[in-house]
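In what follows, a single structure is set out as structure tokens and then discussed.
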Amino acid sequence: MAPGWIVPFGPLWGPYIAQTLVAQAGMYGGYELRWTDNDKLKKWGGKVQKGAAAGNFIHELQEDLAKVGCYDAKLDGDYGGGTRDAVMRFQWCVSKGTHKSSISSSLLKEIVNDAMIFVTGNTDHATARHLKAWVKDGFEVTGTLRVVAFGKFSEFRKSADFDKLDDPSVGDDDMVVHKDFVAGLAAINKAAADAGELFQVNQTLRVAGAPVGGAVVKPASKSQHLIGNAIDFNILHDSKPIHSSKMKWADMPQKAKDFITAVKAAGLRWGGDFADRDPIHFDAFLDPGGSDFNILYFLNQRTIQRRQPILRAT
Amino acid sequence: MRLCRFLLVLAVIAVAGGAVRAGGDDGKARAIRDALAAGQPVVLALAKELPGADSESETAADWTHYLNEFAAGHKRYKVVAMDAAEARDLLAEPPPLDDSYATIFVRSADSAVIYDGPVLEKAVYRAAAAYLDAPKDGQFDADIFAPISFRLK
């Protein structure tokens, strides 16, 4: 039964608002939880709640974040950096709308407006409602990876050294990249076709960490490959690969130069321009110090670790 | 008096640091000597500075990735990574590292080749493996490698 004061909103909105408020009150104690909140200290909503009964609201939040796949640290009731990052990941997923095609929750459909979610790391009421709905419906985050068939690009050739990604969604003749990088692949294909060169792919997405058997040097954690935003290649000139040591601008065939120039014009970075040259590398740079990179790193590497389904690029 | 004590402490720390460093280098030198004495080929991956995990260099990330993959897949070789300072301490004729990276493939004490620059593709390591696995008088791919005289200090 809706409280009487909601009546002015009319029969259409009144019940929804009432439902929202009732549901909200039961979510994490009704508090807008935030960084430095702590169950043991009874600090919720940014303030120590003197006289309040004990509660496990942050613990509950952490449990829910873990259920949707955004949190993999200890459930300790402390809203530290790990919890804040997890909330940001969740908010990022919701605000990007990556879930819309599979939404079924009536709560989400009817009450919550996606535009209300901002990536702040604080668990505002809109975030709490979304999170509870995801948990209720059994949703998990899946990242932004896409499977792309080599056959989709006429000028692409798979290198004999290309390693297929170990995931049930990925076939022998598939690459995996971040969804926004699919447009980059199309630009590379067009540049290759226009220049009359073939493009041999050595690697796209890279699994983080050391290979089985250990590492000689510390594996990178900030590479564009780790989020699916980069590609290693050789240009096939007259059917022969131009290896990296021969990719010096002055020595390169004109057609290869035309190809590189066109790819750069399409907005991708060429590793041949780096201070320490990497001339068989293109990427669509995303600041590795930024939150978008960190979120993509977590989500996309998790997709691989969990062998989650990866959508095929259309 | 206090100043003297402070300087003494600093000196002890410096000597200890040097000892640790020398110990590390000595360990690598011994490992290289032992491997060659046992007939095990050695791969020396050299970088001006060994990149940390948080390096934002894509070149470093690619170099690191392909090196680790190669080492993990070729346990029959002794693979050792070192920075320029270690290389100067260990090698009688360290390469200049003009391109920040170089890799020396040592088939035996009197047969070695160098790849000048970062190895950024498996094809180079495949060619290197062919060289390392070949008999003593086996050839190397001169398009990719250059001969080098390898000697520890």
Side-chain angles (χ1 to χ4, degrees), chain A residues 159-163 200-203 205-227 229-234 240-248 269-290 293, chain B residues 28 31 43-83 97-103 114-127 141-146:
Chain A
S159 163
D161 294 326
F162 183 86
D163 289 327
Q200 178 176 274
V201 178
N202 294 333
Q203 190 169 51
L205 178 72
R206 189 172 289 166
V207 178
V212 176
V216 177
V217 280
K218 284 178 189 159
S221 64
K222 298 289 185 186
S223 169
Q224 304 292 321
H225 282 288
L226 298 170
I227 59 171
N229 225 16
I231 192 164
D232 287 347
F233 66 93
N234 295 116
K240 287 184 183 164
I242 307 176
H243 292 295
S244 56
S245 60
K246 306 295 179 194
M247 285 281 284
K248 294 190 171 91
R269 285 198 316 178
W270 177 47
D273 292 331
F274 298 165
D276 286 333
R277 296 181 79 252
D278 187 352
I280 52 174
H281 171 105
F282 286 128
D283 65 45
F285 179 72
L286 188 64
D287 177 9
F293 182 95
Chain B
K28 285 184 181 177
V43 177
L44 299 180
L46 312 178
K48 259 187 186 165
E49 284 179 34
L50 290 176
D54 282 341
S55 164
E56 294 184 3
S57 161
E58 288 297 327
T59 308
D62 284 350
W63 177 77
T64 299
H65 172 75
Y66 291 114
L67 174 62
N68 281 338
E69 289 272 308
F70 173 71
H74 296 80
K75 292 288 186 189
R76 61 187 181 278
Y77 309 140
K78 180 75 188 169
V79 182
V80 178
M82 61 179 77
D83 62 21
L97 297 178
D98 289 337
D99 288 324
S100 299
Y101 300 89
T103 309
I114 185 168
Y115 183 88
D116 196 9
V119 179
L120 301 167
E121 55 202 314
K122 287 184 186 177
V124 172
Y125 282 122
R126 203 168 41 248
D141 187 335
D143 251 9
I144 302 176
F145 305 111

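Order of the sequence lines fixes the chain letters, A, B, ..., with proteins taken first and strands second; residue numbering starts at 1 for each chain.
- For a residue to count as touching a neighbouring chain, one of its non-hydrogen atoms must lie under 4.5 Å from one of that chain's; by this rule A:D161 touches chain B with backbone and side chain alike.
- Contacts between A:A210 and chain B at a heavy-atom distance below 4.5 Å are absent for every atom of the residue.
- In this structure, A:S244 contributes its side chain and A:I280 its backbone to no donor-acceptor pair below 3.5 Å.
- Top candidate by heavy-atom pairs under 4.5 Å with chain B, chosen from A:A275, A:A220, A:S223, is A:S223.
- Contact annotation for A:H243: both backbone and side-chain heavy atoms come within less than 4.5 Å of a heavy atom of chain B.
- The residue from B:F145, B:F70, B:W63 that alone fulfils the ring pair (Phe, Tyr, Trp, His ring centres under 6.0 Å) condition with B:Y125 is B:F70.
- Heavy-atom pairs under 4.5 Å with chain A peak, among B:K48, B:E69, B:R126, B:K122, at B:K122.
- Salt bridge B:D62/A:R206: present, at least one basic N to carboxylate O contact under 4.0 Å.
- Residue with the most contacts toward chain A among B:A71, B:S100, B:P118: B:S100 (heavy-atom pairs, distance under 4.5 Å).
- One N or O on the side chain of A:D287 and one on the backbone of A:G289 form a donor-acceptor pair closer than 3.5 Å.
- Only the side chain of B:K75 comes within contact range of chain A, judged by heavy atoms closer than 4.5 Å.
- In this structure, OG in A:S159 is found 9.0 Å from CD in B:E121, a value given to the nearest 0.5 Å.
- Of the two parts of B:L50, only the side chain, counted from C-beta on, holds a non-hydrogen atom closer than 4.5 Å to a non-hydrogen atom of chain A.
- Between chain A and the options B:D143, B:D116, B:L67, the largest number of non-hydrogen pairs under 4.5 Å is found for B:D143.
- Residues that satisfy the side chain to side chain contact (heavy atoms under 4.5 Å, CB included) test with B:T64, not counting sequence neighbours, are A:V217, B:P51, B:N68.
- Of the two parts of A:R277, only the backbone, made up of N, CA, C and O, holds a non-hydrogen atom closer than 4.5 Å to a non-hydrogen atom of chain B.
- Legend: residues meeting side chain to side chain contact (heavy atoms under 4.5 Å, CB included) with A:R269, ordered by chain and number and at least two apart, are A:Q224, A:F274, A:D283, A:F285, B:E58.
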